[in-house]
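Some notes on the structure that comes next.
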Amino acid sequence: METQKPNAPQHKAAAVKPGSNVRGIKNAFLVIIACFIVAVVLFLFVFGNPSHFDAEGYTGASMWFAPEEFAKAHPLDLIGTVFKGGIIVPVLQTLFLTVIVLSVERAIALKSAKGTGSIAKFVAEIKKCLAANDIKAAQELCKKQKGSVAAVVSAALTRYAEMDANTTLTKEQKITTIQKEVEEATAIEMPSLQQNLPIVATLTTLGTLVGLLGTVLGMIKSFQALSASGAPDSTELSTGISEALVNTAFGIATGAFAVISYNFYTNKIDNLTYAIDEVGFSIVQSFAATH
């Protein structure tokens, strides 16, 4: 039982580790709902504003209540052309806005995870303190730096001090305990770092697929116009093509931006993880070399 006592505080320490260092949006579903509302408002009152069309007496509501009047309305600019893309457009706008909002949210979250200073400089200073066996100075650096890397290092240094004062465990057991502390502290921080990125990754494919759906619907309208009896209805034909191209453009833009955002922030998380692994290894090696 005596050999288990030093491990008893470990669970308590893990329970209070600063996993909340990374600030972020916890419920992405609310973000999607908010983006959908904004997208619908933009679609109806901005893109569907009658000033963007040449049909006299046309209103944006004609899309829903008077389809024949909507079909006769010709867009005067790009905004009107986007509106002619049809009901898939606000869905694509929702996806695009969601990617933008979550990207900004991840930028703020990872900035807080990085801390107040340079990660490379922080790691170098911690190594110097470990080389001098100055654990107190290293803890002070963690308090100044803040962020995820500092939280993991602080937890490891606390365990380091406990193992330094422990006279019951063997050296191998002490090293294993410190390694486990680093792993547990890292495991607490990682979910906060990666939060909402799976949604961005999903939107890389979903945006393209929804855009493809809008394209297919637009092409169906085009072929319906071509198959009509007599001369093809050029208005219906142009409406269908516009819907197809607008949705294609929105789908590609959403997928491309989501891919860029996901890879960019994944790379930033990898850099933070590498810094955590580097300084964690240094702490373990320092203990092994000095005890």
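The figures that follow rest on heavy atoms only: side chains count, while hydrogens, waters and symmetry mates do not.
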For the residue pair L193 and A113, what are the closest heavy atoms and their distance? CD2-CB, 3.4 Å
If we only count heavy atoms from C-beta on, is the E189 to V152 side-chain gap below 4.5 Å? yes
Where V89 and V82 come nearest, the two heavy atoms and their spacing: CG2-O, 3.5 Å
Does the side chain to side chain contact (heavy atoms under 4.5 Å, CB included) test come out yes or no for I25 and E105, once each step is laid out? CA-CA 7 Å; I25 297 175; E105 181 268 343; 3.5 Å; yes
Spacing of CD1 belonging to I175 relative to CG belonging to L169, to within rounding of 0.5 Å: 11.5 Å
Are T116 and Q145 side-chain neighbours, meaning at least one heavy-atom pair lies under 4.5 Å? yes
Does L95 form a side chain to side chain contact (heavy atoms under 4.5 Å, CB included) with V99? I'd like the steps, not just the answer. CA-CA 6 Å; L95 300 180; V99 172; 5.7 Å; no
Separation of E125 CD from C142 SG (nearest 0.5 Å): 11.5 Å
Without swapping roles, check the side chain of T205 against the backbone of T202 for a donor-acceptor pair under 3.5 Å. no
State whether the side chain of S154 and the backbone N or O of A150 hold a donor-acceptor pair below 3.5 Å, judged by distance alone. no
Hey, are the side chains of I199 and V31 touching, using non-hydrogen atoms and a 4.5 Å cut-off? no
Applying a strict under-4.5 Å side-chain criterion to I, L, V, M, F, W and Y, I'd like to know whether L206 and I32 cluster together. no
Please test L42 against F47 for side chain to side chain contact (heavy atoms under 4.5 Å, CB included), starting from the C-alpha separation and ending with a verdict. CA-CA 6 Å; L42 287 174; F47 293 92; 4.1 Å; yes
Please walk me through it: do V153 and F122 pass side chain to side chain contact (heavy atoms under 4.5 Å, CB included)? CA-CA 10 Å; V153 175; F122 170 71; 4.1 Å; yes
The reported gap from CD1 in I178 to NZ in K174 (rounded to nearest 0.5 angstrom) is 9.0 Å
Is there side-chain contact between S282 and K127, with at least one heavy-atom pair below 4.5 Å? yes
Residue pair S103 / Y265: nearest heavy atoms and the distance that separates them: O-OH, 2.8 Å
Mind listing the closest non-hydrogen atom pair of A138 and I126 along with its distance? O-CD1, 3.7 Å
Should the ring pair F257 and F96 be called parallel, tilted or perpendicular, given that the plane angle runs from 0 to 90° and is split at 30 and 60? tilted
Quick check on the hydrophobic clustering: are I135 and V123 connected, directly or via other members, by side-chain heavy-atom contacts under 4.5 Å? yes
Does one side chain, of Q139 or T158, offer a donor that lies under 3.5 Å from an acceptor on the other? yes
Between L44 and V46, is there a shared hydrophobic cluster once you connect ILVMFWY residues whose side-chain heavy atoms come closer than 4.5 Å? yes
Within 6.0 Å of NZ in K121, more than 12 heavy atoms from elsewhere: no
Heavy-atom donor-acceptor pair, T81 side chain to D77 backbone, under 3.5 Å: yes
Flag the pair V91 / L213 as yes when at least one side-chain heavy-atom distance between them is below 4.5 Å, and no otherwise. no
Quick one: does R106's side chain get under 4.5 Å of Q195's, heavy atoms only? yes
Here the gap from R159 atom CZ to Q179 atom CD, rounded to the nearest 0.5 Å, amounts to 13.5 Å
Is M190 reachable from I119 through a run of I, L, V, M, F, W or Y residues, each pair having side-chain heavy atoms under 4.5 Å apart? yes
Considering only heavy atoms from C-beta outward, does the side chain of L212 approach that of T208 to under 4.5 Å? no
What is the distance from atom CD of E183 to atom CD1 of I188, rounded to the nearest 0.5 Å? 12.5 Å
Would the distance check show the side chain of D164 and the main-chain N or O of Y160 forming a donor-acceptor pair, the cut-off being under 3.5 Å? no
For a quick test of reading the model, state the closest non-hydrogen atom pair linking A244 to M219 and the distance between them. CB-SD, 3.8 Å
How close do G85 and N247 get, heavy atom to heavy atom, and via which atoms? O-ND2, 3.0 Å
Calculate, to the nearest 0.5 Å, the distance between atoms CD and OG1 belonging to Q194 and T266 respectively. 8.0 Å
Are I79 and F45 connected, step by step, through hydrophobic side chains (Ile, Leu, Val, Met, Phe, Trp, Tyr) whose heavy atoms are closer than 4.5 Å? yes
Would Q93 and T254 count as a side-chain hydrogen bond (donor to acceptor under 3.5 Å, both in side chains) here? Give the steps. CA-CA 8 Å; Q93 287 178 325; T254 300; over 6 Å; no
